[in-house]
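In what follows, a single structure is set out as structure tokens and then discussed.
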Amino acid sequence: AKGVAFYKSMNGEISSSFAKFMTEDEMKRACTLACIDEDIEEMPNGYDTVIGEGGVNLVALCDGRVESVRLVRGEVVVGPGDLIREGQLLISGVRDMGDGSYDVMAAAGEVWARTEHTLEVKIPMDREEKVYVGPKKVKKTLFFFGKPIKITKSTGIIEGNCDTIKKMENVCLFGTVPLPLAIETVEHLPYEIKSVTMTEKEASEQAFAALSDELARAVEGKTLLSQSIRCEITQEHCLIHCTYRCVENIARPQPFAHGT
């Protein structure tokens, strides 16, 4: 028979993640190899001991070395100085009650650790830039009591790319008394998209600005300890490698898996 779900029994708790691949006999052999078979058999109903549901563990979000632990609920399984790997159990949602029974809960707390991360920013040396070409074309229209009256000749059809800027100005007598007059000015600015090669200084400034933004987002809520930066410039791009070290809470919740 296959193992059943963790929330139903200890049997399922052990085999839930492997229920589709492991028989009950295989599971028991695995427990023997792990030296936990005697503890399980001493429980009231052995492998069928019901231990609860709704449990949540706290596991490591990333690699790190533990600095401190703040327990709210659960069983702490790591301590200061421990080297942690991503996904490792930090605070268990299962607590041994000492009488053969286990209490299942949603573990809560914080595990602060020294961590190391990398960021990479790549800026192409060639970029597209908008370049205005040729004379701009201007059209003015007078509005008298809301009715339009053209006061310039038609600019005709404008081919290619073009920016259009509209501006409406109300006319006032002596600068203070509004009149039922307004002038609309429409400017058409033809442009072309051209490829421009940045200087090394321009590319590095853009790359460092982008890195600053990314690093600020990455260390939000953390304590930045140090950073090391390496810049590489080629004909194609400006590349920045940044390694930063910080102290952060690496505990993330992971609900118990429910197998079938």
Side-chain angles (χ1 to χ4, degrees), residues 1-117 218-223 225 245-260:
K2 300 288 186 181
V4 295
F6 170 55
Y7 66 90
K8 293 181 180 177
S9 69
M10 179 61 70
N11 184 339
E13 189 277 331
I14 296 172
S15 64
S16 61
S17 298
F18 307 95
K20 297 181 180 178
F21 312 103
M22 182 183 290
T23 65
E24 183 173 338
D25 289 337
E26 290 170 337
M27 177 199 64
K28 290 182 178 180
R29 283 198 295 272
C31 292
T32 300
L33 292 173
C35 300
I36 60 174
D37 55 318
E38 292 183 1
D39 291 334
I40 295 175
E41 290 173 352
E42 289 176 359
M43 294 181 186
N45 295 306
Y47 285 88
D48 292 321
T49 300
V50 176
I51 60 174
E53 59 179 318
V56 175
N57 290 326
L58 294 184
V59 301
L61 179 65
C62 60
D63 296 354
R65 187 176 294 277
V66 177
E67 288 277 298
S68 62
V69 178
R70 186 179 74 87
L71 178 65
V72 175
R73 183 172 54 251
E75 192 79 23
V76 177
V77 297
V78 297
D82 288 352
L83 185 63
I84 303 300
R85 297 300 181 190
E86 179 181 352
Q88 183 175 332
L89 179 63
L90 304 175
I91 301 178
S92 174
V94 179
R95 183 169 58 191
D96 186 350
M97 303 304 291
D99 58 0
S101 64
Y102 288 80
D103 187 19
V104 176
M105 66 199 71
E110 297 175 350
V111 177
W112 291 84
R114 286 178 175 259
T115 60
E116 181 176 292
H117 306 275
V219 300
E220 186 176 358
K222 308 171 186 178
T223 301
L225 300 176
R245 300 160 190 84
C246 61
V247 175
E248 61 180 299
N249 176 25
I250 64 171
R252 66 174 177 86
Q254 183 181 73
F256 293 161
H258 287 185
T260 55

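Values below: every heavy atom of this structure, side chains too, minus hydrogens, waters and symmetry copies. Quick note: residue numbers are just sequence positions, from 1.
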Non-neighbouring partners of [X] that pass side chain to side chain contact (heavy atoms under 4.5 Å, CB included), sequence neighbours left out:
X: S68; value: W112
X: P253; value: V56, L58
X: E116; value: T243, R245
X: E75; value: S92, R95

For residues 80-91, which residue pairs pass the salt bridge (charged side-chain N to carboxylate O under 4.0 Å, His left out) check, not counting sequence neighbours?
D63-R85
With sequence neighbours left out, the residues meeting salt bridge (charged side-chain N to carboxylate O under 4.0 Å, His left out) with R70 are E110
Using a 3.5 Å distance criterion without hydrogens, assess whether the side chain of N249 forms a donor-acceptor pair with backbone atoms of A251.
yes
Not counting sequence neighbours, which residues clear side-chain hydrogen bond (donor to acceptor under 3.5 Å, both in side chains) with E248? List them please.
T115, H117, K222
Q88: partners by side-chain hydrogen bond (donor to acceptor under 3.5 Å, both in side chains), with sequence neighbours left out
none
Pair V78-I84, side chain to side chain contact (heavy atoms under 4.5 Å, CB included): steps then yes or no
CA-CA 8 Å; V78 297; I84 303 300; 3.6 Å; yes
Going from OG1 on T223 to CD on E67, what distance comes out if it is rounded to the nearest 0.5 angstrom?
10.0 Å
Please report the interatomic distance CG(N57) to CG(L89), rounded to the nearest 0.5 Å.
5.0 Å
Which pair of non-hydrogen atoms, one from R73 and one from I91, has the smallest distance, and what is that distance?
O-CG2, 3.7 Å
